[in-house]
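Data block below; observations after.
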Amino acid sequence: MNHEQQSSAQPAAFPEGTPAAELRVGVVGIGWAGQQHLKAYDALDGVRIVSLAGMEQELRDSLQAEYSIPNAFADWEEMLEHGGLDAISVAVPTFLHAPIAVAALARGIHVLSEKPIARNAVEGQAMVDAARKAGRVLDVAFNHRRRGDIQALKDVIDDGGLGRPYYAKASWLRRSGIPTLGSWFTNPELAGGGPLADIGVHALDYALHLLGEPKVVAVSAATHSELGPQGRGGGKEYSALASAHAFEVEDFASAFLRLEGGGTLLIEASWATYREMDDLLDFTIYGTDGGAELKVQGAPFPAVGQLRVFTDKEGESADYVPPVLPGRAHDAVVEDFITAVRGGEAVWGEHDGSLALYRAQIIDACYQSALEQREVRL
Ligand SMILES: NC(=O)c1ccc[n+]([C@@H]2O[C@H](COP(=O)([O-])OP(=O)(O)OC[C@H]3O[C@@H](n4cnc5c(N)ncnc54)[C@H](O)[C@@H]3O)[C@@H](O)[C@H]2O)c1
């Protein structure tokens with residue numbers, strides 16, 4: 001533990017070997033994501049939500065009352081200045097992930113950041129460096145890998161049910177799902193990118209997780225911005241706003257990734273394309289002894305996907321439908337984070353954000369490939 005990095009207002013983070021002690025957590029950001037973190041912390045024993053930060057006063061007041069939170073602030077800096085925190089969640093627009101995480105880690109506070117880790121890998125690297133320097137946990141919320149259907153497929157793959165996987169396709173496709181126009185989501189300076197950075201990063205995360213974390217050796221990607229700038233792809237309300245606000249990110253992206261060992265992975269991410277109305281999370285994997293398809297239609301949560309495994313036994317088809325339980329999504333991510341914090345210094349080093357940083361490096365390479373219209377090697 002590096003005592004020099006802690007301000008006097010910050011007591012030592014959770015002391016090793018005393019797992020019964022109460023952890024004091026804060027949540028920055030009170031939109032959809034921040035509310036998932038609040039609900040998850042509230043359900044955990046030995047965790048007290050002591051601070052909340054968010055700019056929407058009415059909503060902040062009501063969440064403060066709902067979760068009986070002693071301190072609430074309009075700005076994240078005030079919250080950190082106030083002190084008394086062991087861990088925080090960062091659930092704010094992406095351009096703020098790095099400044100908040102770096103400032104918190106420098107104070108010895110463990111950080112659970114929303115995805116993507118940051119706008120780009122340079123900012124992500126600064127966060128990872130800060131976590132390593134402080135000797136604190138930096139986790140990033142990849143809640144889709146904690147879906148029950150993804151976990152069921154992971155079990156099939158890990159048990160050797162597909163043999164050696166050599167191809168996968170991971171898509172998250174929306175017909176009309178551009179997040180609010182005029183908000184930070186459609187501004188590259190604030191978001192770092194469009195659907196590739198926003199929902200494609202989830203598809204990339206669970207695809208690499210399912211494939212056993214292979215290294216990506218090269219990417220070839222394309223981005224398109226066809227419907228968003230015309231006021232299409234976000235419903236009626238969106239169209240009305242379209243004349244007054246710029247849409248400056250892609251609305252569709254595809255990326256072809258070459259993996260170490262010869263495997264390949266195709267990623268597709270769209271906020272707006274002419275296809276059926278429901279969101280579709282679509283994952284396909286082919287291996288030497290079997291293949292599988294997972295389709296999650298409709299709202300991504302709490303929908304449970306249709307998982308099918310295709311294989312054969314003694315030359316005959318032996319396809320089957322594995323049992324799938326509902327996943328716990330953010331509840332599981334927050335619980336993992338708290339478990340890592342409670343694990344003490346012995347496990348903190350394994351939770352330094354480097355897995356999320358690797359996703360950012362791949363996404364950066366995809367945007368570079370799209371811009372330069374060539375394959376980029378990593
Ligand atoms: N993991 C997921 O499934 C998932 C889903 C949605 C969003 N997200 C991520 O969560 C983050 C937030 O997304 P959202 O949809 O909740 O956004 P949002 O725009 O609905 O909410 C952002 C929140 O940040 C707060 N904020 C902005 N500046 C602040 C400041 N200076 N101090 C304190 N608070 C400040 C706003 O007041 C607001 O409450 C993004 O990184 C996004 O990518 C993740």
Side-chain angles (χ1 to χ4, degrees), residues 26-40 51-64 69 71-82 85 88-101 103-104 111-120 123-124 127 139-147 150 172 174 177-206 249 269 271 279 281 296 299-303 327-334 336-337 353 356 359-360 363:
V27 173
V28 191
I30 53 179
W32 184 86
Q35 291 181 43
Q36 307 312 303
H37 292 245
L38 283 172
K39 185 168 70 65
S51 280
L52 183 66
M55 299 192 298
E56 301 79 5
Q57 193 186 335
E58 230 174 272
L59 176 59
R60 195 176 67 231
D61 289 348
S62 89
L63 291 168
Q64 184 179 14
I69 303 172
N71 311 298
F73 308 91
D75 191 71
W76 64 273
E77 285 180 289
E78 293 172 55
M79 183 175 120
L80 291 193
E81 279 304 312
H82 182 81
L85 290 159
I88 62 166
S89 276
V90 177
V92 290
T94 307
F95 74 99
L96 287 171
H97 291 187
I100 300 177
V111 172
L112 170 59
S113 171
E114 262 305 335
K115 50 48 64 175
I117 186 170
R119 287 181 297 187
N120 53 52
E123 290 184 347
M127 293 163 71
D139 272 354
V140 174
F142 284 118
N143 40 307
H144 283 272
R145 66 158 63 195
R146 303 304 310 261
R147 305 178 60 91
I150 297 277
W172 186 336
R174 292 182 185 158
I178 298 176
T180 321
L181 188 68
S183 78
W184 62 272
F185 275 106
T186 56
N187 179 335
E189 285 303 308
L190 306 181
L196 182 61
D198 179 36
I199 50 180
V201 74
H202 278 302
L204 174 65
D205 174 65
Y206 58 70
V249 289
W271 280 344
D279 258 44
L281 267 71
V296 189
F301 281 112
R328 293 180 54 242
H330 272 92
D331 291 348
V333 166
V334 167
D336 291 349
F337 172 60
R359 274 80 179 126
I363 299 274

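One is the number of the first residue; the rest follow in order along the sequence. Read the numbers this way: they start at 1 and go in the same order the structure lists the ligands and their atoms. Source: prediction; values computed, not measured.
- Here the closest non-hydrogen pair linking Gly353 and Ile117 is O-CD1, 3.8 Å.
- For Phe73, the ring pair (Phe, Tyr, Trp, His ring centres under 6.0 Å) criterion is met by His82, not counting sequence neighbours.
- Neither the backbone nor the side chain of Phe142 comes within contact range of ligand 1; no heavy atom lies under 4.0 Å.
- In this structure, His37 has its ring center no closer than 6.0 Å to that of Trp32.
- Compare Pro93, Gly192, Gly31 by their heavy atoms: the one nearest to atom 24 (O) of ligand 1 is in Pro93.
- Of the N or O atoms in Val92, one or more lie within a sub-3.5 Å distance of an N or O in ligand 1.
- Between Glu114 and Val140, the shortest heavy-atom contact is O-CG1, 3.8 Å.
- Listed by number with element, the atoms of ligand 1 under 4.0 angstrom from any heavy atom of Thr94 are 41 (O).
- Residue-to-ligand polar distances place Asn143 within reach of ligand 1: an N/O pair is separated by less than 3.5 Å.
- Residues forming a ring pair (Phe, Tyr, Trp, His ring centres under 6.0 Å) with His202 (at least two apart in sequence, or on another chain): His144, Trp172.
- Not one N or O of Gly29 is nearer than 3.5 Å to an N or O of ligand 1, by distance alone.
- Polar contact check, Ile30 against ligand 1: a nitrogen or oxygen pair lies under 3.5 Å apart.
- Interface atoms of ligand 1 facing Phe185, defined by a heavy-atom separation under 4.0 Å, are 15 (O).
- Counting heavy atoms under 4.0 Å from ligand 1, residue Lys115 touches it through both backbone and side chain.
- Considering backbone and side-chain N/O of Gly34, none are found under 3.5 Å from N/O of ligand 1.
- For ligand 1, the atoms closer than 4.0 angstrom to any heavy atom of His330 are 1 (N), 2 (C), 3 (O).
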